[in-house]
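Inspection log for the structure reproduced underneath, given as C-alpha cells.
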Amino acid sequence: EVQLQASGGGLVQAGGSLRLSCAASGFAFDDYALGWFRQAPGKERERVSCIITENGSTYYANSVKGRFTISSDNAKNTVYLQMNSLKPEDTAVYYCAGDLPWTCSSWYVGPDYGMNYWGKGTLVTVSS
C-alpha cells in the first residue's frame with residue numbers, strides 16, 4: 001500500500017521559515033517523482049515544486065523560486081520542502097504526492113497533475 005505522510009506545518013510569521021517532510025512507503029522511491037502541492041482557502045490546488053528522486057532534478061513554480069527548496073533523502077524515502085522568506089500568500093494546506101517522473105519534468109497540469117498517490121495535507125499559516 002502506497003503511503004505518503006506529510007508533516008512540519010505550523011504557524012509562522014511573515015519572513016520566517018518552515019521545513020515540510022514527506023515520508024513515503026509502498027513504492028519504489030527511486031523510480032518516482034515526488035511533488036509538493038498546496039491549496040489555499042477558496043483557491044484551486046497548485047503545484048509548488050517537484051523532484052525526480054532518481055537524478056535529483058528539481059522544478060519550481062515561479063511564485064516560490066528562490067524561496068523554497070525541495071530535496072530528497074533516498075535512504076529515508078523522504079522528501080523535504082524548505083520554505084524560506086514565507087509570505088501570507090503562502091498560507092495553504094500543503095500536500096505531497098507521487099507518480100512517474102514525466103509528470104514532474106513536463107510540469108503536467110492535467111487532472112490531479114498526473115499524480116496517483118496523495119498524502120494528507122499539513123497546514124501552513126503565515127501571519128503578517
### Query
For the hydrophobic clusters of this structure (ILVMFWY residues joined by side-chain heavy atoms under 4.5 Å, transitively), does one cluster hold both V109 and V64?
no
### Summary
Applying ring pair (Phe, Tyr, Trp, His ring centres under 6.0 Å) to Y113 and not counting sequence neighbours gives F37
### Query
For the hydrophobic clusters of this structure (ILVMFWY residues joined by side-chain heavy atoms under 4.5 Å, transitively), does one cluster hold both I70 and W118?
no
### Pairs where residues 60-69 contributes a residue and the test salt bridge (Lys or Arg N to Asp or Glu O under 4.0 Å) is met, not counting sequence neighbours
R67-D90
### Summary
Residues at least two apart in sequence or cross-chain that pass ring pair (Phe, Tyr, Trp, His ring centres under 6.0 Å) with Y108, listed by chain then number, are W102
### Y59 backbone acceptor or donor facing S49 side chain under 3.5 Å
yes
### Summary
Of all heavy-atom pairs linking L123 and A92, the shortest is CD1-O, 3.6 Å
### Message
Filter on salt bridge (Lys or Arg N to Asp or Glu O under 4.0 Å), then keep only pairs touching residues 68-87, sequence neighbours left out; what's left?
### Response
none
### Task
Could you tell me whether the side chain of W36 reaches within less than 4.5 Å of the side chain of V79, counting heavy atoms only?
yes
### Message
Assigning hydrophobic clusters by single linkage (Ile, Leu, Val, Met, Phe, Trp, Tyr; side-chain heavy-atom cutoff under 4.5 Å), is V12 placed with V93?
### Response
no
### Value rounded to 0.5 Å, distance of OH in Y32 from CZ in F27
7.0 Å
### Task
Check for a donor-acceptor pair, side chain of T53 on one end and backbone N or O of F29 on the other, with a separation under 3.5 Å.
yes
### Task
Kindly state each residue pair satisfying ring-ring contact (aromatic ring centres under 6.0 Å, His included) with at least one member in residues 60-87, sequence neighbours excluded.
none
### Task
Supply the atom-to-atom distance N77 CG to L34 CG, rounded to the nearest 0.5 angstrom.
9.0 Å
### Query
Which pairs count as side-chain hydrogen bond (donor to acceptor under 3.5 Å, both in side chains) when at least one residue sits in residues 2-15, sequence neighbours excluded?
none
### Smallest separation among heavy atoms of S127 and L11, with atom names
CB-CD1, 4.4 Å
#### Entry: Sequence neighbours excluded, every pair satisfying salt bridge (Lys or Arg N to Asp or Glu O under 4.0 Å) that has a member inside residues 103-125
R45-D112
### Non-neighbouring partners of T91 that pass side chain to side chain contact (heavy atoms under 4.5 Å, CB included), sequence neighbours left out
T125, V126
### Task
Identify, with sequence neighbours excluded, every residue that meets salt bridge (charged side-chain N to carboxylate O under 4.0 Å, His left out) alongside E46.
R38
## Note on the structure
Between the CG atom in L81 and the OG1 atom in T122, the distance rounded to the nearest 0.5 Å is 11.0 Å
### Message
Does anything in residues 12-37 form a salt bridge (Lys or Arg N to Asp or Glu O under 4.0 Å)? List the pairs, not counting sequence neighbours.
### Response
none
### Task
Output every pair passing disulfide (SG to SG under 2.5 Å) with a member in residues 52-117, not counting sequence neighbours, ordered by first then second residue.
C22-C96, C50-C104
### Message
Does the structure place the NZ or CZ of R47 under 6.0 Å from the centre of the six-membered ring of W107, at an angle of no more than 45° from the ring's axis?
### Response
yes
### Task
Drop me the distance from M115's CE to D99's CG, to the nearest 0.5 angstrom.
6.5 Å
#### Entry: S17: side chain to side chain contact (heavy atoms under 4.5 Å, CB included) partners, not counting sequence neighbours
Q82, N84
